[in-house]
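Accompanying notes for the structure given below.
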Amino acid sequence: GLLATLRASKHRELPQKLFESGDVVVGHANGRRCAAVSTHPLASFTEMKSLVLAFARDLALENVAIAGDDSPSFIPGRCASLTAGGRKAGIFGELHPEAITNFGLQNPVAAMELDLTKI
């Protein structure tokens with residue numbers, strides 16, 4: 001949804017930063033997710049990492065760890081997962097250029113998604 005909104009807002013000034021939170025159904029379970037995207041010429045892994053760590057700090061999460069991840073939606077080496085209390089709770093990084101192109105976007109996109117039911 002956030003990428004579709006970026007596509008519809010291509011004519012707007014950069015940077016563009018969008019956030020959303022809501023209930024989702026994955027498989028046969030309900031959950032709550034929080035997601036964010038940022039697009040501009042310098043959007044990066046580091047930008048999303050700082051946002052994810054700010055969420056973790058503000059939510060007073062304990063035993064937070066960041067580890068590399070290999071999700072195909074992201075550029076290899078520019079993707080990581082957040083673990084809180086020993087449970088994988090989210091993923092973030094720089095979107096793969098193919099994903100960006102598929103949405104008709106031209107600038108880098110950094111993104112994150114947290115599963116709020118796991119933290």
Is there a path from [X] to [Y] through hydrophobic residues (I, L, V, M, F, W, Y) whose side chains come within less than 4.5 Å of each other?
X: Leu14; Y: Leu105; result: no
X: Met48; Y: Leu95; result: no
X: Leu51; Y: Ile66; result: yes
X: Phe19; Y: Ile119; result: yes
X: Leu59; Y: Met112; result: yes

Checking Glu13 against His40: is there a side-chain donor and acceptor pair closer than 3.5 Å?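 No, no side-chain donor-acceptor pair sits under 3.5 Å.
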May I ask you to check whether Ser71 and Asp69 show a side-chain donor-acceptor distance below 3.5 Å?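 No pair is found: no donor N or O on one side chain lies under 3.5 Å from an acceptor on the other.
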Is the number of heavy atoms from other residues, nucleotides or ligands within 6.0 Å of NE2 (His11) greater than 12?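 Yes.
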With a 6.0 Å cut-off (strictly less than), is the heavy-atom count around CD of Gln106, excluding the residue itself, greater than 12?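 Counting neighbours around CD of Gln106, 12 or fewer heavy atoms of other residues, nucleotides or ligands fall under 6.0 Å, so no.
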[X] versus [Y], closest heavy-atom pair with distance:
X: Gly31; Y: Thr117; result: CA-CG2, 3.6 Å
X: Thr39; Y: Pro108; result: OG1-O, 3.0 Å
X: His96; Y: Pro72; result: CB-O, 4.0 Å
X: Leu116; Y: Ser21; result: CD1-OG, 4.2 Å
X: Ile100; Y: Asn107; result: CG2-O, 3.6 Å
X: Ser81; Y: Gly68; result: OG-O, 4.5 Å

Let me confirm one number: the [atom1]-[atom2] distance from [X] to [Y], rounded to the nearest 0.5 Å.
X: Leu6; Y: Ser38; atom1: CG; atom2: OG; result: 8.5 Å
X: Ile75; Y: Glu98; atom1: CD1; atom2: CD; result: 12.0 Å
X: Lys10; Y: Thr5; atom1: NZ; atom2: OG1; result: 13.5 Å
X: Leu82; Y: Leu61; atom1: CG; atom2: CG; result: 7.0 Å

Check the pair Glu47 / Lys17 against salt bridge (charged side-chain N to carboxylate O under 4.0 Å, His left out), numbers first and verdict last. CA-CA 11 Å; Glu47 180 180 0; Lys17 299 178 183 209; 3.1 Å; yes
Looking at Phe74 versus Phe92, is the centre-to-centre ring distance below 6.0 Å?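 They do not qualify: ring centres at least 6.0 Å apart.
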Hey, mind stepping through Ile91 and Cys79 against side-chain contact (heavy atoms from CB on, under 4.5 Å) and telling me if it holds? CA-CA 7 Å; Ile91 191 165; Cys79 174; 3.7 Å; yes
Counting only N and O atoms by type, is there a donor-acceptor contact under 3.5 Å from the side chain of Glu94 to the main-chain atoms of Phe45?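 Side chain of Glu94 to backbone of Phe45, a donor-acceptor pair under 3.5 Å: yes, one is there.
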Take Cys34 and Phe55, measure what side-chain contact (heavy atoms from CB on, under 4.5 Å) needs, and give me the verdict at the end. CA-CA 10 Å; Cys34 174; Phe55 266 100; 3.6 Å; yes
So which of Lys88, Arg33, Arg87 actually passes salt bridge (Lys or Arg N to Asp or Glu O under 4.0 Å) with Asp115?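 Result: among Lys88, Arg33, Arg87, Arg33 is the only option passing the salt bridge (Lys or Arg N to Asp or Glu O under 4.0 Å) with Asp115.
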